[in-house]
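Accompanying notes for the structure given below.
All values derive from a computational prediction rather than experimental measurement. In this chain, numbering begins with 1 at the start of the sequence shown.
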Amino acid sequence: MKHIHKYDANGKQLCCTLEEKINKKTDKQTGCCSTHNDHEHSDDDGHDHSGTDQTTFQMFLPAIISFTLLLIAIGFDNYFPQTWFTGWVRIAWYIVAYIPVGFPVLKEAFESIRKGEIFSEFLLMCIATIGAFSIAQFPEGVAVMLFYAIGEIFQTLAVQRAKSNIKLLLDQRPDEATVLNDGNAIIKKASEIIIGEIIQLKSGEKLALDGKLLTDNATFNTAALTGESKPDTKLKGETVLAGMINLNTIAQVEVTTAYTDSKLSKILEMVQEATAKKAPTELFIRKFAKIYTPIVVFLAIAICVLPILFVDNYVFRDWLYRALVFLVISCPCALVISIPLGYFGGIGAASKNGILFKGSSFLDIMASIQVVVMDKTGTLTKGVFKVQKVVAVDVSEADLVKYTSALETKSTHPVGTAIIEYAKGTEKNATVTDVEEIAGHGLKGKVDGKEILAGNIKLMKKFNINYDVEIDNTPFTIIVIAINQKYAGYFLIADEIKEDAKQAIESLHKISVKTVMLSGDKQAVVNAVAKELNIDLAHGDLLPEHKVGKVEELKLQNLKIAFVGDGVNDAPVVALADAGIAMGGLGSDATIETADIVIQNDQPYKIYTAINIGKQTKKIVWQNIGLAFTVKAIVLVLGAGGLATMWEAVFADVGVALLAILNAVRIQKMKF
């Protein structure tokens with residue numbers, strides 16, 4: 001069957017390359033096609049699904065054999081001369097040393113040519129090493145292929161580790177779960193469990209599917225989903241997600257989502273797809289390598305042949321050697337492997353910190369962000385009303401809380417709920433009668449025989465009750481209380497600012513990122529929050545279309561903008577920004593669909609972490625590009641001038657590739 005080359009949407013070739021070969025190997029080790037989702041493949045594309053795992057020793061064994069035979073041969077040549085180690089015996093020895101590492105590359109080159117891809121990394125190595133044999137440079141010929149093979153193994157191990165980190169980080173779903181059937185506990189495959197069945201979860205077990213907690217309460221480790229190991233206590237009726245680990249008592253969970261539709265499955269799928277969405281830097285290097293390789297081959301031919309027109313004492317053997325050195329140096333392995341590896345590492349490091357990037361391109365974008373625009377509620381604040389302050393006048397605070405909370409039990413308003421939560425049950429023994437809700441004002445009623453008024457300032461004015469006029473200037477929600485027609489104090493209620501919000505803003509300022517807050521809340525409230533957090537600009541009283549206008553104003557200044565919100569209500573703004581970031585993405589499927597980056601918990605500090613990971617990834621990628629081009633350019637010039645041997649060429653190719661890989665792996669070790 002005739003081979004047809006495969007390309008992605010960006011025109012990048014997906015077959016007949018060293019990168020494809022390494023990805024096939026690593027996909028078999030980490031789980032077929034686990035993160036290499038660039039293309040669909042058929043049974044005839046050479047992709048082996050057998051899943052034959054090789055140990056590290058097995059991978060290195062051909063190189064060990066070749067290296068041992070090469071060392072012995074060099075010893076016989078230079079240090080322990082043997083009368084029999086000459087002529088065809090010597091040549092045969094070097095050929096045997098060459099075969100373990102050279103045959104697989106020769107085979108790959110042949111397959112690539114058969115499929116129509118002539119100028120590959122494999123062909124460059126084959127020409128260089130066979131050429132070295134043709135001019136009797138046997139040790140160099142074996143050494144070049146040996147070190148190339150060792151470099152390929154290290155590249156494979158590094159990519160395999162990066163992919164495994166991503167896969168193990170997120171693929172936390174157990175294969176089986178204990179299901180209760182008529183009171184009997186049976187073990188069942190997680191993929192076969194249907195919605196409505198009840199899972200029994202022992203202490204230390206991972207939940208296999210999303211569901212609703214039936215037990216009164218249970219504490220879970222949510223690290224697999226949020227990157228945070230802090231225990232999270234759930235109450236009866238609350239949602240629990242696949243991947244959470246039960247930490248204490250036996251818990252029962254009613255399944256509400258199919259296995260393939262769980263939040264964890266969606267996150268895993270998203271990260272897998274992210275590795276296929278390439279950054280512009282990555283795409284440029286690939287396109288560059290495709291043009292660069294044939295140019296290098298023709299330049300090598302020119303180095304070998306053209307000097308005959310300009311050099312008096314032209315020696316074909318010398319100029320062929322220079323051309324072969326040039327070929328070895330020019331192999332683009334350091335770039336085509338280490339750069340994707342850098343982005344793999346960045347995506348893995350982000351995932352480990354509870355941040356999901358939908359593609360390596362967003363790592364580049366986050367590295368260049370100049371302005372972070374944030375929604376207030378749910379991003380910087382918790383989105384939950386809490387009593388922040390209680391002031392009692394001519395009555396004890398305990399009585400004020402008791403009377404007010406008792407009256408508020410007859411209301412469904414969120415403000416009333418906040419007061420009841422604050423009271424912690426002190427209102428339960430109170431007798432409440434004659435409750436009247438006064439629209440737009442508040443509540444009137446009797447608690448233990450006392451007349452209680454609880455509402456806004458308009459309620460006090462309606463009943464001609466004098467109150468402390470200073471509270472007129474408070475931007476937050478105030479519930480004023482009167483007992484028996486006399487002012488008794490007030491409750492200050494506000495949306496609570498998240499614990500790490502201030503640290504997040506300070507960290508963004510340290511890296512010269514401007515902060516802007518947009519909110520639908522009244523301007524006075526927005527100003528108070530902005531002042532407390534030291535936010536640069538704050539705009540309140542905004543409808544969604546007004547938020548779009550504010551972001552457009554910033555875009556006109558040619559600024560790189562990230563917008564942080566819930567990813568659903570703010571979809572137009574998310575689409576307009578260079579990077580759309582969703583906070584607390586586990587709460588909504590739509591969030592995962594809308595945003596470019598999902599922060600899996602509600603911590604604003606992760607915004608800074610995402611930018612920092614983007615900056616570190618981009619820094620490492622450009623370090624590798626600079627290293628590869630600088631060393632190769634120097635040695636290419638030396639090689640063309642006859643000043644560099646095959647040994648320098650090996651360093652310029654394999655040595656630089658290994659240094660670049662070690663540099664790329666660093667990001668997986670960094671603490672963010």
Side-chain angles (χ1 to χ4, degrees), residues 270 277 280 355-359 361-383 475 495 497-498 501 504-505 508-509 511-600 602-608 610-611 614:
M270 193 178 90
K277 295 174 184 174
I355 304 164
L356 301 181
F357 282 83
K358 281 194 175 179
S361 58
F362 297 112
L363 284 163
D364 274 1
I365 290 170
M366 288 303 285
S368 58
I369 289 297
Q370 297 163 289
V371 181
V372 172
V373 182
M374 291 164 279
D375 189 27
K376 180 180 77 69
T377 307
T379 300
L380 295 170
T381 64
K382 294 181 178 179
D495 189 1
I497 292 173
K498 292 179 181 176
I505 302 302
L508 290 171
H509 286 160
I511 56 172
S512 303
V513 173
K514 187 177 179 181
T515 53
V516 178
M517 184 169 68
L518 306 179
S519 178
D521 277 0
K522 56 186 180 182
Q523 188 66 50
V525 173
V526 172
N527 287 343
V529 173
K531 184 178 179 182
E532 185 171 345
L533 296 178
N534 196 26
I535 289 170
D536 299 313
L537 283 173
H539 303 283
D541 300 310
L542 300 177
L543 295 173
E545 56 266 31
H546 298 146
K547 292 181 181 180
V548 170
K550 293 294 181 186
V551 173
E552 283 176 338
E553 286 175 20
L554 291 167
K555 292 283 282 185
L556 289 173
Q557 299 174 40
N558 293 319
L559 296 168
K560 282 278 186 183
I561 299 165
F563 179 82
V564 190
D566 63 13
V568 183
N569 300 331
D570 297 310
V573 199
V574 169
L576 186 63
D578 296 289
I581 306 174
M583 292 290 287
L586 291 176
S588 166
D589 290 340
T591 304
I592 292 177
E593 297 299 324
T594 307
D596 305 314
I597 300 155
V598 179
I599 293 175
Q600 292 173 256
D602 289 327
Q603 294 182 340
Y605 186 76
K606 297 288 187 180
I607 303 165
Y608 166 75
I611 292 174

Nearest heavy-atom approach of Ala579 to Ile597 is CB-CD1, 4.2 Å
Looking at CG of Leu556 and CG of Asn558, how far apart are the two atoms once the value is rounded to the nearest 0.5 Å? 8.0 Å
Could you go through Leu380 and Ile535, starting from their C-alpha distance and side-chain angles, then the distance that decides it, and tell me whether this counts as side-chain contact (heavy atoms from CB on, under 4.5 Å)? CA-CA 11 Å; Leu380 295 170; Ile535 289 170; 3.5 Å; yes
Holding to side-chain hydrogen bond (donor to acceptor under 3.5 Å, both in side chains), I want the full list of residues that pass it with Asp541, two or more places apart in sequence or in another chain. none
Side chain Asp536, main chain Val516, donor-acceptor under 3.5 Å: no
To the nearest 0.5 Å, what is the distance between CD1 (Ile599) and CG (Leu356)? 10.0 Å
Would a distance-only check, ignoring hydrogens and angles, find a side-chain to backbone donor-acceptor pair under 3.5 Å from Thr381 to Lys376? yes
Heavy-atom closest pair, residues Phe362 and Phe357: O-CE2, 3.6 Å
Applying side-chain hydrogen bond (donor to acceptor under 3.5 Å, both in side chains), can you list everything that pairs with Glu532, at least two apart in sequence or on another chain? none
Heavy-atom distance under 4.5 Å between the side chains of Gln557 and Gln370, does that happen here? no
What's the shortest heavy-atom distance between Ala577 and Ala562, and which atoms? CB-C, 4.4 Å
Output all residues satisfying salt bridge (charged side-chain N to carboxylate O under 4.0 Å, His left out) with Lys550, sequence neighbours left out; order by chain, then residue number. none
Nearest heavy-atom neighbours spanning Pro604 and Ala501: CG-CA, 4.0 Å
Straight-line distance of Leu559 CG to Glu553 CD, nearest 0.5 Å: 12.0 Å
Do Tyr608 and Val372 come close enough that some side-chain heavy atom pair is under 4.5 Å? no
Full working for side-chain contact (heavy atoms from CB on, under 4.5 Å) between His546 and Leu518: CA-CA 9 Å; His546 298 146; Leu518 306 179; over 6 Å; no
Do Val564 and Met583 have side-chain heavy atoms sitting under 4.5 Å apart? yes
About how many Å separate CG of Leu554 and CG of Leu537, when rounded to the nearest 0.5 Å? 8.0 Å
Search all heavy atoms of Ala538 against all heavy atoms of Val526 and return the closest pair with its distance. CB-CG1, 3.5 Å
Side-chain contact test, heavy atoms from C-beta onward, threshold under 4.5 Å: evaluate it for Ile581 versus Met374 and give yes or no. no
Check whether any side-chain heavy atom of Met517 lies under 4.5 Å from a side-chain heavy atom of Thr379, and answer yes or no. no
Begin with the C-alpha distance, continue with both residues' side-chain angles, and end with the deciding distance and a verdict on side-chain contact (heavy atoms from CB on, under 4.5 Å) for His509 and Thr515. CA-CA 8 Å; His509 286 160; Thr515 53; 3.2 Å; yes
Reported CZ-to-CG distance for the pair Phe563 and Asp578, which is rounded to 0.5 angstrom: 13.5 Å
If you measure from OG on Ser368 to CD1 on Ile611, what distance do you get to the nearest 0.5 Å? 9.5 Å
